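In what follows, a single structure is set out as structure tokens and then discussed.
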Amino acid sequence: MANTKSAKKRVLQNNKKRQVNMSRKTCLKTAVKKVLEAVKAGDYENSMILLKDAEAKFARAKGKHVIHANAAARKTSRLAKKVAALAGK
């Protein structure tokens with residue numbers, strides 16, 4: 001356990017930040033799942049709306065350093081590719 005006052009404060013701050021980061025990651029996973037479900041159902045219009053929402057969440061997570069910038073770009077690109085393939089059908 002932390003000994004100094006500042007170390008105890010850091011423990012509290014780290015716990016709070018960890019919970020916020022976990023919440024953001026969970027929201028990302030949910031957004032991706034919604035897009036994939038819309039793509040699987042063949043709903044192009046809805047998948048475009050959900051993709052835009054997912055891209056915004058990825059950008060915010062990237063900006064807050066919850067996930068790496070390249071990981072956000074890669075996942076956004078893969079989702080967009082699947083939605084674009086749906087448009088081609």
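All of these numbers come straight from a predicted model, not from anything done at the bench. Along the sequence shown, residues are numbered consecutively beginning with 1.
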Residues Ala72 and Lys62: closest non-hydrogen pair is CB-CB, 4.1 Å
Which heavy atom of Ile67 sits nearest a heavy atom of Phe58, and at what distance?
-> CD1-CD2, 3.6 Å
Under the side chain to side chain contact (heavy atoms under 4.5 Å, CB included) rule, what do Lys75 and Val32 come out as? Steps first, then yes or no, please.
-> CA-CA 9 Å; Lys75 292 179 181 191; Val32 168; 5.8 Å; no
Please tell me if the side chains of Lys64 and Arg60 come closer than 4.5 Å, counting only heavy atoms from C-beta onward.
-> yes
Which pairs pass salt bridge (charged side-chain N to carboxylate O under 4.0 Å, His left out) with one or both residues in residues 33-58, sequence neighbours excluded?
-> Asp53-Lys57
Nearest heavy-atom contact between Tyr44 and Val83 is CE1-O, 3.7 Å
Count the heavy atoms of every other residue, nucleotide or ligand shown that sit under 6.0 Å from CG of Asn15, and state whether that count exceeds 12.
-> yes
Least distance between heavy atoms, Leu50 atom then Ala38 atom | CD1-CB, 3.9 Å
Exercise: identify the closest heavy-atom pair between Val35 and Ala54 | CG2-CB, 4.1 Å
Distance in Å, Met48 CE paired with Leu86 CG, rounded so as to fall on 0.5 Å steps = 10.0 Å
Closest non-hydrogen atom pair, Lys82 against Val39 = O-CG1, 4.1 Å
Spacing of Gln13 atom CD and Arg18 atom CZ [to the nearest 0.5 Å] | 14.5 Å
Under 3.5 Å donor-acceptor, Thr26 side chain and Met22 backbone = yes
